Number of protein chains: 2
Amino acid sequence: MSNEGLWSRTRQAAIAEVGTVAMDLFLQKGFEETTFDDIAAAAGISRRSLFRYFGTKEDIVLSHLAGDGALIRDALAARPDDEPVWTALLNVLLLIDDGGGDRARLLKISEMMYGVPSLRARSLEKHLRWQSDLLPEVKRRLGTASGDLQAAAVITSAIACLDAAGEIWTREKGAVPLGNLLTDAFDAVRQAAR
Amino acid sequence: MSNEGLWSRTRQAAIAEVGTVAMDLFLQKGFEETTFDDIAAAAGISRRSLFRYFGTKEDIVLSHLAGDGALIRDALAARPDDEPVWTALLNVLLLIDDGGGDRARLLKISEMMYGVPSLRARSLEKHLRWQSDLLPEVKRRLGTASGDLQAAAVITSAIACLDAAGEIWTREKGAVPLGNLLTDAFDAVRQAAR
DNA sequence: GGCCTATTGACACTCAGTGCCAGACAGGCC
DNA sequence: GGCCTGTCTGGCACTGAGTGTCAATAGGCC
């Protein structure tokens, strides 16, 4: 129903393009200053259809950012079994270092992200959803003595490090590679938690 | 302008009562099913004034929950200097274990909190704001080798543990004291991060 | 071509949130 | 007491997000 056929593939492409148009508007006029009517007009579709593509403005931004729960889960499963959990999580998060696109645009998006409260909140929520994707594998690695709480604590702490690193990266205008910051953050927790 | 005078004190009390009325409605009808008009009518004030008291519905709930940034900051400053940071943070967060009120109500509020996405997001945001309150003191304790990134990583990880513990506490219907869960969560990160 | 189904756009609606303005109301001053 | 002043309140109108409904349509399938 959804993934096969020329139909849905072109539709996905169309939706993606609408998203790009919207992002351009956000970066030009600001997130909160851009209305759904603006986006619909710029994209040449009706307001109603826009709502069908993206339920909220926040969804538009979120869908344009890297990080897929399933991908991360698979990446963690692929790490060697004897690697300590904390190191494994670091290595997995290092993979989403980058959006692949141009730096300046990514930085502007990040600034918007950290500047608009509702966006920041949605980003946190999205990261939180990774928790459920990673839980089984982390529990397995932690051993039988650990339950959901222990695994959840470790995962959310790791994600918290990612958020902290991302915030500093943004504040420093991308001067230091996110990977370095992330490693430093993980090390800091390693040092402090003992 | 705000803290002195019989006037503003009675006003604060009135606002608090409106908040309680609203919380009762939320717990009865559900958060999203309760409109501002409902609350204003039940509280006997105009919709416009209600908006002046609380900018959003989420604010009503948040203002009814424990946890003040300044309080936590002071509590951390009061911990002995030779206490490891991670332990000090645990001890500080243990202080906000409880809302003081009746358990069943607190549990229902927590369930609403974790069940309604917009509320969950606002709660995360609120906790995030504690980060800036704690940053100077944690930086001081981490020593000169550490900067904002290191301190932020440690703090957000600690807060992440609090959220994880809170979630499990809610899922388990408050069967295990939050303090125990929080301690376990901190220990889990202690074990994993090495 | 003709049928079937999903998608679209238009309309109407609810509700959150904000700006504006006029009236009420408490406190200070004469 | 009467007056002035600043604040609080309620009412009105407005924008914008988000949803339900329904007729028109466009593409895929036979």
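Since this is a predicted model, take the numbers as computed values, not measurements.
- For the side chain to side chain contact (heavy atoms under 4.5 Å, CB included) criterion with B:Leu134, the lone passing option out of B:Leu76, B:Val92, B:Thr156, B:Val154 is B:Leu76.
- Of the side-chain N and O atoms in B:Tyr53, none sit less than 4.0 angstrom from OP1 or OP2 of D:dC8.
- The distance from atom CG of A:Leu50 to atom P of D:dT19 is 12 Å, rounded to the nearest whole Å.
- Counting any heavy atom pair closer than 4.0 Å across all strands shown, B:Thr34 reaches sugar-phosphate atoms only and no base atom.
- Scanning atom types as modelled, no donor and acceptor separated by under 3.5 angstrom connect the side chain of A:Arg11 and the base of D:dG27.
- A:Phe36 comes within 4.0 angstrom of sugar-phosphate atoms only, judged by non-hydrogen atoms across all strands, and of no base.
- Nearest to the side-chain atoms of B:Glu58 among the listed nucleotides C:dT8, D:dT9, C:dG17 stands C:dG17.
- Mapping B:Ser49 and A:Gly55 onto DNA chain D via the closest heavy atom, the residue that lands nearer the 5' end is B:Ser49.
- If you measure from atom CZ of B:Arg48 to atom C1' of D:dT15, you get 14 Å, rounded to the nearest angstrom.
- Counting non-hydrogen atoms under 4.0 angstrom, B:Phe54 reaches nothing in the nucleic acid.
- For the pair B:Lys57 and B:Phe36, the cation does not sit on the ring face, since its NZ or CZ is not both under 6.0 Å from the ring centre and inside 45° of the axis.
- Distance CG (A:Asp37) to C1' (C:dA10): 13 Å, rounded to an integer number of Å.
- Using a cutoff of 4.0 Å between basic side-chain nitrogens and carboxylate oxygens, A:Glu111 and A:Lys108 are not scored as salt-bridged.
- More than 12 heavy atoms of other residues, nucleotides or ligands sit less than 6.0 Å from atom NZ of A:Lys29.
- Residue A:Ser46 has no polar side-chain atom (N or O) positioned under 4.0 Å from OP1 or OP2 of C:dT8.
- Across D:dT19, C:dA16, D:dG10, the shortest atom-to-atom separation from the side chain of A:Arg47 is found for D:dT19.
- Taking the side chain of B:Phe51 as heavy atoms from C-beta on, and the options D:dG10, D:dG16, C:dA16, the nearest nucleotide is C:dA16.
- Here C:dA6 presents its P atom at 16 Å from CD of A:Gln12, a figure rounded to the nearest Å.
- If you measure from atom CD1 of A:Ile45 to atom C1' of D:dA26, you get 16 Å, rounded to the nearest angstrom.
- Look at CZ on B:Arg52: it is 14 Å from P on D:dC12, rounded to the nearest Å.
- As rounded to whole Å, 15 Å separates atom C1' of C:dA16 from atom CD of B:Glu33.
- Per the geometry, CG belonging to B:Asp38 stands 11 Å off C1' belonging to C:dC15, to the nearest Å.
- For the pair A:Asp81 and A:Arg140, the salt-bridge criterion is met [side-chain N within less than 4.0 Å of a carboxylate O].
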